Novice: 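Below are the structure tokens for one structure; questions will follow.
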Amino acid sequence: MKKGLKILLITVGAIVGLVLLINILAGPIVKAYVEKHSVELCHRQVTMKHVRINLFTGKVAIIGLKAQEENGKDKFLSFNKLKVRLSLPRLLGKTVRINRILLDGLDGHVVQDGIRFNFSDIIDFYTKDEDKKEEQDKGPSQWKVDIRNIELRNCTVLYEDERVGSRFDTKHVSAKVPRLNLEGGPSHIDLVTEFKDGSGFNLAGDYNIMQGDFDAHVKMQQLSLDLALPYLKKLTSWGKLSGILNGDAKVVGNVKHIENMVFSGTMALNNVKATNADKSPLASFSAFEVNMNKMDLGLMEFDVNSVSLKDLVFHYDVYEDGTTLNRLQKHTMQVDSTTVDPVQEDTIQSQDMNTSDIHYLLKNLSVTNGKIVYTDHTVAPQEQTFEVSGIEIHAEDMRNGSNYPISLKANLGSLGELLCDANLDVLNLSNAEVDISIRNLKITDFNPYSLYYLAYPIEDGLLNFTSYISVKDNWLDSQNALDIFKPTFGKRDKSIKPAAAKIPMKTAMYVITDRKGHVKMDLPVKGDISSPEFSFRKVIWKTFLNLVVKIAASPVDFIAKAVAGDETFKPMLMPADQVLLSIEQTHQLGGISDFMKEREQMQIIVNVCPPQEEPSQTKAEQCYRLVKDQLVKQGIAANRIAMGMECKSSDSKDYKVEFNLNMEE
């Protein structure tokens, strides 16, 4: 009996010893095997300080792992320790339950090139036979997987996108997943990320692995906008971008239908500066804040509590080959064909957004202390620059489907003021009312344009402009009043070939300036705003320019109708034997002299048209002297009176005297 018991004890002891030995040696054996065959297993050279395996408790610990890149030289990843605790009894019930996964001190390097990563070869290696295995697996697996208490501590990750040129270098990453639900239902995650520049973001959310649904709460702290610059450069031609992003947002959606995401929360951009590709300034602002109740991209519904923009400065430049906005756009956008399948591509191309599909509510809009710097580089000899500063825009209860009031005020150039009150829907201008008032705008601010288009420098003048615009069912009816006070042009620069028609501007402006120094014009505009050919600005400018051309070409006709009356500058008939002026002719010349006294810079041209029968230059000069002598007698200097050389023959038997006006251009 004692002998049998002794044998039993020895046997049990040997088995226990063997198990203990296996338990002790399991870690070193696994370590040695993995290090020897790591290249075969994962295409990477792997080393570890220690591997500990407890076959009784289901605990596995890997200490001090290091893995090289596929080239065997560069670092791929390393970590201080990885601990895994497996529930062994659950294996009897065909359940793989991992009670805890702890990864501490991960230091990883992720490199992306298009859709490939520096670990894509590992994925390819383990998934190359996946299709064959799926064909062999005719039914669902009887095994269940349950993973709980996943935790990442003190991790750092360097992410680089070689094709885009971006780089994200984290200082600290930590994450907790209480339970990874692989059978359905949401899995919760808490993620904290801090970058080396002190910025970072926190994420707390739920994700359904089976369905793809997610519900996340994201907080962003002091994120630098230059992180986004490489991605923006893929779409637009930027130079530099700086600024800070803070936000607190909730995002709900599904990864299978990412275009239907729903956002809510707040976002703030501060101290933003952007430059063009040539490093010239593009835009800057001190603060841009959005408080959003809901933004549903799927339904195109936007419910925004407030939007505010402070201290905006935007530089809008015009070049021979386009504008600032044209240059920002990339004319050719290359899409990696491996990233978009044909179905997605067709869907993208077929999307046609209509403003009527957008539903929005913006309770409060505020723009303060804005500035727009306009520079036209196409004019010579001096480029045109004009500033609109002190821009203030305010609106409340902006919603689609109804008009709402918007107020705008700004400073124009060095002295001018702009006031605008509108009642409209910014996404549907088919029905609107707008009141615009421009006061004390110095026209000398547009001197480069005047030189380029007209070859005349502007020396002085203030402009007032009022406009009432009414739009009903896309039909615009606008009443516009222009008032220029004391417009003064210098001598025409003969070295400049005017881009517009050659117009005697000094004569035109001098003629239409009233006794108080005002040039007043009514410029009504009507048209269908839905027509592609309609342009309010072009109609106003064309109407004004056509009027100036007509006045400059025939100032007497304009004066006869608008300034001095129909009788003052009408042609005067004089018989060939006339030696004295009649009382009617004397009265008419008195009206002309009164007009000339008020316009001391003007010169009157007297054209004497001889009759077709028996024309005589001597008689023509005699008629001219009668007129000139009378004008001199009534106070007009002789050097302001000249005999014209252009005149058609009179269709009557008398000499016809015509009058025209001129001034030194």
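When a residue number appears, it is its place in the shown sequence, counting from 1. None of these values were measured; they are calculated from a predicted model.
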Novice: Donor-acceptor pairs under 3.5 Å, side chain of residues 573-582 to any protein atom, not counting sequence neighbours: which ones?
Specialist:
| residue | atom | partner | partner atom | Å |
| --- | --- | --- | --- | --- |
| Gln578 | NE2 | Leu580 | O | 2.7 |
| Gln578 | NE2 | Gln585 | OE1 | 2.6 |
| Ser582 | OG | Glu584 | OE1 | 3.4 |
| Ser582 | OG | Gln585 | N | 3.2 |
| Ser582 | OG | Gln585 | OE1 | 3.4 |

Novice: Can you tell me how far OG of Ser389 sits from CG of Leu412, rounded to the nearest 0.5 angstrom?
Specialist: 8.0 Å

Novice: Can you find a side-chain donor-acceptor pair between His377 and Glu383 that sits under 3.5 Å?
Specialist: yes

Novice: Any ion pair linking Asp321 and Arg327 (charged N to carboxylate O, less than 4.0 Å)?
Specialist: yes

Novice: Grab the two heavy atoms, one from Lys409 and one from Leu419, that are nearest each other, plus how far apart they are.
Specialist: CB-CD2, 3.6 Å

Novice: For the residue pair Tyr456 and Phe489, categorise the inter-ring angle as parallel (less than 30°), tilted (30 to 60°) or perpendicular (more than 60°).
Specialist: perpendicular

Novice: Not counting sequence neighbours, list each pair that qualifies as a ring pair (Phe, Tyr, Trp, His ring centres under 6.0 Å) and has a residue in residues 466-488.
Specialist: Phe485-His518

Novice: Do Thr488 and Asp460 have a side chain donor and acceptor closer than 3.5 Å?
Specialist: no

Novice: Work out which heavy atom in Lys442 is nearest to a heavy atom in Leu462; give both atom names and the distance.
Specialist: CG-CD2, 3.6 Å

Novice: Report the relative orientation of the aromatic rings in Tyr453 and Tyr449; use parallel for angles under 30°, tilted for 30 to 60°, perpendicular for over 60°.
Specialist: tilted

Novice: How long is the straight-line distance from NZ of Lys240 back to NZ of Lys279, given to the nearest 0.5 Å?
Specialist: 5.5 Å

Novice: Can Asp425 and Asn403 be counted as having a side-chain donor-acceptor contact under 3.5 angstrom?
Specialist: no

Novice: Nearest 0.5 Å please: distance from the CG atom of Leu415 over to the CG atom of Leu463.
Specialist: 11.5 Å

Novice: Quick check: closest heavy atoms across Asp421 and Ser407, and the distance to 0.1 Å?
Specialist: OD1-CB, 3.6 Å

Novice: For the CZ atom of Arg399 and the OH atom of Tyr360, what is their distance to the nearest 0.5 Å?
Specialist: 10.0 Å

Novice: Can you name the residues that form a side chain to side chain donor-acceptor pair (under 3.5 Å) with Tyr316, not counting sequence neighbours?
Specialist: none

Novice: For Ala287 and Asn270, which heavy atoms make the closest approach, and how far apart are they?
Specialist: CB-ND2, 3.7 Å

Novice: Side chains of Gln634 and Ser593: is there a donor and an acceptor less than 3.5 Å apart?
Specialist: yes

Novice: What is the minimum heavy-atom distance between Ser616 and Pro610, and which atoms define it?
Specialist: N-CB, 4.5 Å

Novice: Measure the shortest side-chain to side-chain distance between Ile641 and Val606 over non-hydrogen atoms and say whether it is less than 4.5 angstrom.
Specialist: yes

Novice: So does Lys656 pair up with Glu658, basic N to acidic O under 4.0 Å?
Specialist: yes

Novice: Is there a side-chain contact between Thr275 and Pro281 (heavy atoms, below 4.5 Å)?
Specialist: no

Novice: Consider only side-chain N and O atoms of Asp477 and Gln479, and report whether a donor and an acceptor are under 3.5 Å apart.
Specialist: yes

Novice: Between Thr444 and Asn447, is any side-chain donor less than 3.5 angstrom from a side-chain acceptor?
Specialist: no

Novice: Quick one: CG on Asn291 to CE on Met267, what's the gap to the nearest 0.5 Å?
Specialist: 11.0 Å

Novice: Can you classify the ring geometry of Phe569 versus Phe595 as parallel (below 30°), tilted (30 to 60°) or perpendicular (above 60°)?
Specialist: perpendicular

Novice: List for me each residue that meets side chain to side chain donor-acceptor pair (under 3.5 Å) alongside Ser470, sequence neighbours excluded, and say none if there are none.
Specialist: none

Novice: Please report the closest heavy-atom contact between Trp238 and Ala274, naming both atoms and the distance.
Specialist: CZ3-CB, 3.4 Å

Novice: So which of Val434, Ile391, Ile436 actually passes side-chain contact (heavy atoms from CB on, under 4.5 Å) with Leu408?
Specialist: Ile391

Novice: Please determine whether a side-chain nitrogen of the Lys or Arg among Glu417 and Arg439 lies less than 4.0 Å from a carboxylate oxygen of the Asp or Glu.
Specialist: yes

Novice: Kindly write out the residues that satisfy side chain to side chain donor-acceptor pair (under 3.5 Å) with Asn464, not counting sequence neighbours, or none if the list is empty.
Specialist: none

Novice: With sequence neighbours left out, what residues match Ser530 under side chain to side chain donor-acceptor pair (under 3.5 Å)?
Specialist: Asp528

Novice: Starting at CG of Asp376, measure out to CZ of Phe446 and round the result to the nearest 0.5 Å.
Specialist: 11.5 Å

Novice: Find out whether Val318 and Thr375 are in side-chain contact, i.e. whether some heavy atom of one side chain is under 4.5 Å from a heavy atom of the other.
Specialist: no

Novice: Give a yes-or-no answer on whether the side chains of Asn364 and Ser306 include a donor-acceptor pair shorter than 3.5 Å.
Specialist: no

